[in-house]
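Read through the structure below, which is laid out as structure tokens, and then see the notes.
Keep in mind that what you see is a predicted model, and the values were worked out from it rather than measured. Every heavy atom of this structure was used, including side-chain atoms; hydrogens, water molecules and symmetry mates were not.
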Amino acid sequence: MMMFKSVLIAEDQEMTSISVRKTLEDLNITRAEYTYYCDDALMHIRKNLQGEAPFDLLITDLSFEEDHRKQEIAGGVELIDAVRKIAPNIKVLVFSAENKPALIDDLFKKHGINGFVRKARHDAKDLKLAIDALAKGRTYLSPDLKQSVKQKNTFEFTSYDITIISLLSQGTLQKNIPSYLQENDIKPSGLSSVEKRLNMMKEVLEFSKNEQLVAYCKDFGII
């Protein structure tokens with residue numbers, strides 16, 4: 001089986017970085033470099049492009065804490081986009097505590113990542129499975145996230161949903177939405193029906209606030 005020859009780890013937490021390197025050693029990947037900063041990660045990849053062993057896998061977190069050193073690239077998403085421009089063939093595995101289905105789905109579809117492993121219990125085992133899958137040319141998503149991302153992808157907004165969310169986006173208070181529905185003969189028009197539908201959408205998409213739901217629908221062109 002083909003395995004990665006050269007791996008770069010972008011991770012600002014030292015213990016996590018050590019854990020990832022141990023996982024790589026278990027897979028007999030001996031050439032692994034690490035950095036705490038996104039700027040340095042991009043520099044390492046650019047520097048190694050013309051070398052004998054350019055990096056063929058990037059493992060990166062999404063969030064990086066700010067410190068005294070000012071960075072041009074502040075986070076993992078920006079790093080992924082920058083890396084894709086100069087090294088389009090490198091495999092990218094995100095290792096993060098993030099668990100929002102919409103954001104994770106976006107990472108695969110818009111930013112071209114190859115795998116996502118959530119930092120959680122048994123994540124070392126998950127990492128090994130992910131690296132193995134990527135080495136075989138497959139994508140990988142942590143099993144505990146698959147169902148929620150699938151739900152997000154299969155959720156279909158009805159015209160009723162879009163009307164409610166559009167009204168919220170225009171500044172209409174939730175308690176005033178029934179009046180609009182009644183005036184336009186849209187049913188069901190009761191406040192409890194509106195609340196139930198909003199709660200259901202937020203539950204499926206894993207949002208806690210109406211504002212998050214509105215922002216998501218704007219980002220994806222639903223409203």
Looking at every non-hydrogen atom in both residues, tell me the closest pair between Tyr36 and Glu11 and how far apart they are. CD2-O, 3.2 Å
Would you say that Ile223 contacts Lys218 through its side chain, given a criterion of any heavy-atom pair below 4.5 Å between the two side chains? yes
Output for pair (Leu107 CG, Glu98 CD), nearest 0.5 Å, gives 8.0 Å
With a 4.0 Å cut-off, would you call Lys136 and Asp132 a salt bridge? yes
Look at the rings of His44 and Phe55 and say which category their plane angle falls in: under 30° parallel, 30 to 60° tilted, over 60° perpendicular. perpendicular
Inspect the contact between Glu33 and Lys47 and indicate whether a charged nitrogen and a carboxylate oxygen are less than 4.0 angstrom apart. no
Check ring-ring contact (aromatic ring centres under 6.0 Å, His included) between Tyr160 and all other residues, then give those that pass, not counting sequence neighbours. none
Using a strict cut-off of less than 4.0 Å between a Lys/Arg side-chain nitrogen and an Asp/Glu carboxylate oxygen, indicate whether Arg118 and Asp126 qualify as a salt bridge. no
Heavy-atom side-chain contact between Leu93 and Leu127 under 4.5 Å: yes
Could you tell me whether a side-chain N or O of Ser19 sits under 3.5 Å from a main-chain N or O of Met15, the two making a donor and an acceptor? no
Measure the CZ-CG distance between Phe64 and Asp39 for me, rounded to the nearest 0.5 Å. 10.5 Å
What's the spacing between Ser189 OG and Asn184 CG if we round to 0.5 Å? 11.0 Å
Smallest heavy-atom separation, Ile73 atom then Glu78 atom, equals CG2-CB, 3.6 Å
Is any side-chain heavy atom of Leu168 less than 4.5 Å from a side-chain heavy atom of Glu211? no
Tell me if the CD atom of Glu72 is crowded by more than 12 foreign heavy atoms within 6.0 Å. no
Distance (rounded to the nearest 0.5 Å) between Thr172 OG1 and Ile164 CD1: 11.5 Å
Treating Arg31 as the side-chain partner and Ala53 as the backbone partner, does any N or O pair qualify as donor plus acceptor under 3.5 Å? yes
Hey, is the main chain of Ser6 close enough, under 3.5 Å, to the side chain of Asp56 for a donor-acceptor pair? yes
Validation row: Asp26, Lys128 side chains within 4.5 angstrom (heavy atoms): yes
